[in-house]
Amino acid sequence: QVQLVESGGGLVQPGGSLRLSCAASGLAFSSSAMSWYRQAPGKERELVAGFTTAGRRTNYADSVKGRFTISRDNAKNTIFLQMNNLKPEDTAVYYCNADLWGARKYVYWGQGTQVTVSS
């Protein structure tokens, strides 16, 4: 069974940094498009950063470009999201997403990790 487990969230002051991790199991990790999404209360879930299938390319939301970096460790079946210069508007639950071959037919979600940016 596919499992995606996020970790690394927490409370941070504006301008601070956090590093999120997503450990994946039960799926063809290297053949999946892995991404980070986030959702704030009352708002739609949005793509933050992602890899295309097998990590060939990356993409970022305009709001996080230059501040966030997505990376992966294929040996550990893990993706990361390094978040720098955090802003209050980054406050959300961050979710790991796996999409087998990027085909939108077999899509999996983690349970999320809370990130709160506040002074």
Side-chain angles (χ1 to χ4, degrees):
Q1 187 172 356
V2 173
Q3 277 196 306
L4 304 174
V5 181
E6 302 96 334
S7 62
L11 175 64
V12 65
Q13 293 187 337
S17 298
L18 286 172
R19 190 190 193 212
L20 306 183
S21 299
C22 170
S25 62
L27 81 164
F29 182 80
S30 62
S31 299
S32 297
M34 303 296 299
S35 302
W36 288 99
Y37 286 72
R38 68 186 181 188
Q39 187 169 26
K43 295 187 65 177
E44 189 175 277
R45 190 171 299 187
E46 64 174 343
L47 176 68
V48 177
F51 292 106
T52 59
T53 302
R56 301 294 187 184
R57 294 180 180 270
T58 59
N59 58 84
Y60 296 89
D62 287 341
S63 60
V64 307
K65 286 181 179 177
R67 300 188 297 120
F68 291 11
T69 303
I70 188 170
S71 60
R72 66 193 294 157
D73 185 338
N74 288 335
K76 297 181 178 180
N77 285 4
T78 301
I79 65 167
F80 306 91
L81 185 67
Q82 179 66 47
M83 305 185 294
N84 297 325
N85 191 24
L86 283 160
K87 304 177 183 296
E89 52 263 43
D90 295 319
T91 296
V93 177
Y94 284 70
Y95 296 92
C96 184
N97 173 269
D99 182 354
L100 184 62
W101 291 108
R104 300 177 185 177
K105 292 185 178 181
Y106 299 95
V107 180
Y108 307 93
W109 296 93
Q111 294 188 357
T113 184
Q114 176 72 47
V115 172
T116 302
V117 184
S118 176
S119 60

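Position 1 is the first residue of the sequence, and the numbers go up from there.
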Flag yes if [X] and [Y] sit in one hydrophobic cluster, no otherwise; membership is Ile, Leu, Val, Met, Phe, Trp, Tyr, and two members link when side-chain heavy atoms are under 4.5 Å apart.
| X | Y | result |
| --- | --- | --- |
| Leu18 | Trp36 | yes |
| Trp101 | Phe51 | yes |
| Val115 | Ile70 | yes |
| Phe80 | Leu20 | no |
| Val48 | Trp109 | no |

Taking atom CD as the centre, does Glu44 end up with more than 12 heavy-atom neighbours from other residues, nucleotides or ligands that are less than 6.0 angstrom away? no
Atom CD of Gln39: over 12 foreign heavy atoms under 6.0 Å: yes
What distance do [X] atom [atom1] and [Y] atom [atom2] have between them, rounded to the nearest 0.5 Å?
| X | Y | atom1 | atom2 | answer |
| --- | --- | --- | --- | --- |
| Arg19 | Ser7 | CZ | OG | 10.0 Å |
| Tyr37 | Leu81 | OH | CG | 13.5 Å |
| Ser31 | Asp99 | OG | CG | 12.0 Å |
| Ser30 | Arg72 | OG | CZ | 7.5 Å |

Taking the side chain as C-beta and beyond, is there a heavy-atom pair between [X] and [Y] under 4.5 Å?
| X | Y | answer |
| --- | --- | --- |
| Phe68 | Leu86 | yes |
| Leu4 | Met34 | yes |
| Val117 | Met83 | no |
| Thr91 | Gln114 | yes |

So, Asp90 and Lys87, do they make that salt bridge, N to O below 4.0 Å? no
Within the distance-only criterion (no hydrogens, no angle test), does the side chain of [X] pair as donor or acceptor with the backbone N or O of [Y] below 3.5 angstrom?
| X | Y | answer |
| --- | --- | --- |
| Thr52 | Arg57 | yes |
| Asn84 | Ser17 | no |
| Ser35 | Gly50 | no |
| Glu6 | Gln111 | yes |

For [X] against [Y], the heavy-atom pair lying closest together:
| X | Y | answer |
| --- | --- | --- |
| Phe29 | Asn74 | CE2-OD1, 3.1 Å |
| Ala49 | Tyr60 | CB-CD2, 3.5 Å |
| Ala92 | Ala40 | CB-N, 3.9 Å |

Only one of Leu47, Thr113, Val93, Val64 passes side chain to side chain contact (heavy atoms under 4.5 Å, CB included) with Arg38, and that residue is Val64
